[in-house]
Structures are given as structure tokens and as C-alpha cells.
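Below: the structure, in C-alpha cells.
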Amino acid sequence: MVGLVLVSHSRALADAATDLVRRTVGSELPIAAAGGVGEGRAELGTDALDIQSAIQGLRTTDGVLVLMDMGSAVLSAETALDLFDSRPAVRLCAAPLVEGAVAAGIQAQAGSSLETVTEAARRSLEPKEEQLNGERIDAAGPAPLRVPDRPEEVLEVEITNPHGLHLRPVSRLLAVLSALDVQVTLENATMGGGRVQADSLVEISRLQLRRGHLARFTVSGRDAAKALAQIRELAERRFGDDASTQIAARSSAGTAGPVPIAAGTALGRPFVVEGVRRMVSEAAVPEEDVSVQLAVLADALDGAVALLQARAEAAGERAASENLASLLWTQRLILEDRSIRERARKLIREQRHSAAAAWLEVTDEVARHQAAAADPYLRQRAADFRDAGELVLQRMPGFAGATASPVLPDHPFILVCEELSPSMFDQVRSPYLQGIIQFAGGPNAHGAILARSAGIPCLGTARLHADRLRTAGFLAFDGRTGELWFDPPPDVTADLRERQVRETRVRASRSVRAKETAVTRDGIGVTVQANVGTAAEVEKAALAGAEGIGLFRTEILFQEFAAEPGEDAQLALWSEALASWDDRPVTVRLLDIGGDKPLSFLSGPPEANPFLGVRGIRLLLQHRGFLGSHLRALLRLAHRRNVNLLVPMVTDGHELRIVAGELARAHENLVSRGADHRWPVTAGAMVETPSSAVLLASLAANVPLFSIGTNDLTQYVLAAERGHPSLREYQDGLHPALVRVLHRVATEGAAAGVPVSVCGELAADPEAIPILVGAGLTSLSVAPGSVPMVKEAVRQLSRGDCQRALETLLNESLTRGEEVRAFVRQHFPELVLGEQDG
Ligand code: PEP
Ligand code: MG
């Protein structure tokens, strides 16, 4: 094998470059560092004897390539060659030290000759130049293709490596091919640009094979069959990027997780915070201890309430913590709830439970009840109850300190916990917190909301890996794709750190352009608005550059009411939430509550299939008194604000006619009272049920605006509950069935001249944006944190390309969302797959 000697004035630099090459290429490569002068070679300089002994020390018969930094290093290297009695096969090369050394190392490892290794080093800047400037520095031109002397076989594989065929995957390919008697050429079948010989790192890098591209191998020679099999096998393992330490959750959606919760790359040592419930004994306490246990419970409750109050006040003082403060207040209310307290006391008195066991049983029961709610958002709030339960346990003798105030590491760490709770989140905030991995916890849980709004990468549903998460020395994950690595090797770590740096850069550049409108490359403007539910999100939407509020979900605000609020109270609630908003449009959705939701004043009897039950407009139509006050408050709000209305869960035109009648009645009432209000008002319909999609053309006669709620539309079209933990592959808004429905809705809306926007999560899915734009949907509403990313994605697209791709897609018989996604990646390789900006 050809050896390498790296020479630098700084010995430390030469040693570090040597280490980099070894880690990238492998430890068998003969490589040595030279440079530095004086004691311990600590001073800057080079000397010929040192370089000569480095060359001799490699003991390789295939030749040595010497790379050096500038000036006298070149002179010293030349002198070193003169010192040999009989001149060995040594080349000096002017290639850049770092890039040249890595490229040469990879080529040498593949068993190439000294000439080829030197050529790889010499041209090592080309891939970087192309990457940075999109240009080819083609001084030498492509290497001439050797014409194969045997029949050729062709193999096409899709590149699935997140970063495409970069240095390490290429080096693995070269290592495999170099051991075989074959001639192989490679071509980027997606982007074109011709074939290159697949024995050169430089040549292969020129192809810019990115994720989603098709790589076409043409193979001939005695070992062709073996080569084809090995290439296929390598491609399946992502050319070795699929180290056994990695779990690719994206491809295993629908299985046990982990699931991506908040975007971003995180690296750090695990910091495991276990709950205290494992320590609770179930043994009955002696009769005489009952009063002691009652006192223990009372003290612990007082302590926990005081703590929550202090934390909520502190959080309230931090501007960005409004969410957190309100969650801590909610937990305090749970602890002060008389019925919960009394039930725990009863268990102590009557069943002789210990204070800990009684409290745990009661809070677990409430949490279980909450977890059975049909609405995923409410269901995942069960964590609040469990968290409140643990806080009290921690204040009981014997449990103190279990997780009460964990001593946080003073190095970068990834929090590993059962489920992120608001109080835990408050405790672990630290400059060293890099990311969060939860054993449980779905994308709509409070923990997820907090992590996203704080911009901390997060994964959920990772229980299957709990043991490894507890015992790993180092973890890394991608909160956008769900990929997770245990003790990743240094080269993967280096790659992920690079990814982090890129993310930071992308975020910074997006936020610079966030306030500008988004226009496709062929000049089509796409409006990007925000979905909000709280005052904090309204503020965030403004900062993120949202052009309006495309969906104001009112359910979260209304949880503050224990009894049916009157018209004035509703008006005050919205006015307050919108206080920071200017005159850009706001689309307020009528209260979208299901029959099972614990809004005490609107709840109905339990239902067997709540998602198919009394939801959204169906519920409001059963509570006409409330609907009247709701509409009156909204008409008054629209007098002061640029407000449109949106009717949720519409099934047919009959419902819309009744709503129109109720609106007219609300208007008459306000006129008779002389109350200021807007009339007429724009009241659009959500397209969330298959029925509304099918009937769109006829609904369009009476509706001025449609908004597609892809979250519900997906669950109803695919008949799969949107939060169901084991139906993830059916929860894909890019399923071919959905693509057809979206296309039809967009087309019929356009034919009727009624604007159609999209406000479900799909609008913030980078792989969906070309499909939506191609369908003619040019008004998207997404979470505030996703606004800059969506705008940036739009700017990279041409609507013409999107339309053509969608037409092709509609003519193909794809069967799963994953296939649609692969299609999009293949047709839009330029689309930077974005992450939420926190
Ligand atoms: C939807 O269903 O896509 C939607 C936007 O409404 P929600 O998520 O609030 O049900
Ligand atoms: Mg919905």
C-alpha cells in the first residue's frame, strides 16, 4: 500500500492531520507525521532528517507520497529526498495538507498506485469547490474512461445516505472494488453528467451523488457478478454509514420508534433521570402509622405547591417562558385539587396505604383517565398528572433527592427520561443540555411543545432502546429524522458535528430572509402564515415572518374556562391573545372540541368512537346557545381585527347553511344592541373529512374560502387514528390516496374560484411542499417555528417543475407514502430538507 508523510511547521498540526486521516480511512494505512523543531519538536520549523526518517519508518514498497505546508517545508522535503543513497519511490505533492491527505489516504487504502494516489491528492479541492461554488474546477478534465474488454452489466441503486456519497462511503466502495478483478464505471443517473471510472475518489466525488439520486454502476470483468452483489449489499447498508450503532427511525416508522419530536442534531453523554415511582412500596402501613402518613402527605403537598409556585413565578419573569409558567400553574392547580387530595387521604385511612403509595395510586388513576382521552393533545397531557404526582413523592421522607433537583452535568448532555414534564424541563435547563430522548411521549405532548418552542432537539417513544440509552457512554440523534446512534465512532461524530454547524448556518440565513415573501424560482408567490393557539405563539408568529395567522386554534385558550363563558369573556380572551398582532389577517377557527374533551361546559356522554363522534361543528350545532355567543364575540372581534372565520369538521353543505343562519342571527342581535361588529364576515370551511373533499365543488357555491386540515383528512381518508402509536405508516399525508385527494380539492377549488389553503402539519413537511405547490396550493399555514424553513423551501422550487412532477406522480401506481417521498427526493434533489427553527 502507498504510504503518506505529512509535514508541517507545527508538529501538533501534522500529528492532528495524521490522526484525522487514520480515523477517516482506517488504521492500516502507513502514515507518519513530520515537522516541528527543538525540544519535543514544540517549536515551529521543519528539518530534512526528520522527514527522511518518517519516510523510512513507513517501510512500504509501493511508494510514499509527501504532503507539506508551505515555504521551508517544501525545501526540507526536497532535501530529505536528496539524503537517500538510492532514491526510493517518493513523490512530493503541492496538494493542500488536509484535503490532500484525506483524499490520498482513501485512494491509497483502495490499493491504488502512487500515481493515482498523487492524482487524488492533487485534485482533492475539486469536490469542495463544487460544493461551495457549484462549479467544476476542471483543470485536468475528467480522467479518460477505460473501455471495458468484457460484456457489461448495469446496476442502479438509490443513494439513501443522508449526506449522499461522501468521502467515507466512497472509500468503502473503493476498498471493495479494489479487491476484485473488475472494471467499474459510475454515473449519476438522476443528474446526468456522464460516467466516471469508479476507482477514483476524485472522479466519484465529481458526480455529486446526493440522497435520492440513482447511481448507475456499469461493471465488467472476471469478478463482475461478485462486484454487483457486493455493491448491492453495500448500497443496502448505505455504503457502511448504517453502522450497527444507528437506528434509522424514519424507515421504521410504524414500528417501535423512536419518533422525531423536535428538529436538530444533538450529541452528548446521556444524563438519565429516573422517576421515583419505582421506589414506592405497596406494603400496608400499621394502624398506628395512619396519622403519620396523613401528615407526611400534607407536608409533601405543601412543599410541592410552594415549589411550583416559586418556579412558575421565576419562569414568568423569563420572557420566553410563558408556556412553561402556565404549565407550572396548571400543575399547582392539580396538587390543590380537593377531590384528588381527599381520595389519597381515604386510601391511607381505609386501606392503610403509605402516603407515597396512596398519592401515586390517585395521580396515576387520573393520568390513566386523561390518557384515555380520544384527542391526542389532551391524551398526552397525562404526563402533567404523573409529573405532579412525582413532585409530591420527592418531598416525602425516603424519596427526597430522587429526581427533585438533579445535579446537572457540567459537560454537554442528552437528557434521557421517561417523559419530559414541565417541571423536569425547568430543572434541566442548562447551557449544556443538547437534546432530549423520552422513553414515552408523542409529538403532541407538552414536553414536545416545550422542546420545540425552546428549539431543543427531541425524540419520543424510545422505550425499546431504554437499556442501551441508560448504559451508552455517548449518544447522538437527529430530531428531524429520528435517527439515533449509540456510542457512535469518531467519524460519525465528526459528521454529525458538521451537520450541527450547517443547521446553525441554515437557521441564521433563513431568519435573515424570513420577513421577505416567498416566491418560487418561476415567480409564483406562496403565502406562508402561522398556526397558533396561544398569545406566546401569536408573538412568535410575528417574529418568524408569518404573513398572517392561517389558523387560530381556540381550544387551548378555552381550557381556562370552567363554565360556559359569555360573549364578553370570549371577546376579551381573543383580544388579549391577539394584543401583539397587527392588522395582518387572522383566521379564527370556531371551537373544535370533541364529545369526549373535558371542556366541562360542552362535554357530552362518552362515545365509543370519539373521532367519528360529536366533534367540531357537530358539537357546536348541538349547543346553539353557546354557538350564538361564540359567533357574536367573533363578529365583534372582527370589527377590531382583520378576522376571517373557519368552520371545523365540516361534512356537508347542510351544516354550512345552518352556520350561515346562526351568523345572520348573531348579526341581527348585535345590530339590535347597537354593538360594533363586522358584517358580512368571511366564514370558510375546513376540508378535513372525505365527504367535504368529495363535495368540494358543490360546497364552493356557498363558501368563500377553504382550508385543508391535513391532520384529520389523513386520519379519515386512511381510516387510521392520527395519534395511534402503531399506525405510523398510515399517518402519512403523502400517502398516494392523500396526494390524489389534495390534487382534486386544489383543482376543484381553483375551478370554482375559491381560494384553498393548507393548515395541517403536511404544509411544513419539506417533502410535501413540491406536491402542494404543484397542485396549485399557494397558501400554507404552519407552526410559527417552521415559517422560515417553508419560505426557504418554496424559494428553491419552480412551480412548473412541481406541476410536471405531480403529473408524473399521478400517472404512477405508487402504493405507499414512503414511495411518494422517494419520488419527491429524486425529483427535487435541490430541496434542502429543512428542520423547524425552534
Ligand atoms: C387538521 O386537522 O389538519 C387541523 C389543522 O386541525 P387540528 O390539527 O387542530 O385538528
Ligand atoms: Mg383538524
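Both ligands and their constituent atoms are indexed starting at 1 by order of listing. Nothing here was measured: the structure is a model prediction, and the numbers come from that model.
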Check: With the threshold set at 4.0 Å, does a side-chain nitrogen-carboxylate oxygen contact exist between E547 and R584?
Finding: no
Note to self: Does this structure show an ion pair linking R640 with D583, if we count only N-O contacts that are shorter than 4.0 Å?
What the structure shows: no
Item checked: Region of E761 that comes within reach of ligand 1 [heavy atoms, distance under 4.0 Å] -> neither
Notebook entry, point to check: What part of N531 sits under 4.0 Å from ligand 1 if we count only heavy atoms: the side chain, the backbone, both or neither?
Noted result: neither
Could you tell me the residue and atom name of the protein heavy atom closest to [atom], and the distance to it rounded to 0.1 Å?
atom                    : value
atom 9 (O) of ligand 1  : R553 NE, 2.7 Å
atom 10 (O) of ligand 1 : R722 NH1, 2.8 Å
atom 6 (O) of ligand 1  : R589 NH1, 2.9 Å

Next item on the list: Using distance alone, decide if ligand 1 has a nitrogen or oxygen within less than 3.5 Å of any nitrogen or oxygen in E555.
Entry: no
Next item on the list: State whether the shortest distance between N or O atoms of E688 and N or O atoms of ligand 1 falls below 3.5 angstrom.
Entry: yes
Next item on the list: Report the name of the N/O/S atom of E688 located nearest to the Mg ion (ligand 2).
Entry: OE2
Next item on the list: Could you check which N/O/S atom of D712 is closest to the Mg ion (ligand 2)?
Entry: OD2
Note to self: I want to check something: taking the side chain as every heavy atom from C-beta on, are Q438 and C458 in contact at a cut-off of under 4.5 Å?
What the structure shows: yes
Next item on the list: For residues R641 and W581, determine if any side-chain heavy atom of one lies less than 4.5 Å from a side-chain heavy atom of the other.
Entry: yes
Check: Which atoms of ligand 1 are found less than 4.0 Å from any heavy atom of L551?
Finding: 5 (C)
Next item on the list: Would you mind listing which atoms of ligand 1 come within a distance below 4.0 Å of any non-hydrogen atom of G760?
Entry: 3 (O)
Next item on the list: Verify the neighbour count for atom CD of Q622: are there more than 12 heavy atoms of other residues, nucleotides or ligands below 6.0 Å?
Entry: yes
Item checked: Parallel, tilted or perpendicular: ring planes of F558 versus H630, cut at 30 and 60 degrees -> perpendicular
Notebook entry, point to check: Is there a donor-acceptor contact under 3.5 Å from the side chain of R678 to the main chain of L637?
Noted result: no
Item checked: Backbone N/O of S779 and side chain of T527: donor-acceptor pair under 3.5 Å -> no
Margin query: Any N/O/S atom from D592 (main chain or side chain) under 2.8 Å of the Mg ion (ligand 2)?
Written below: no
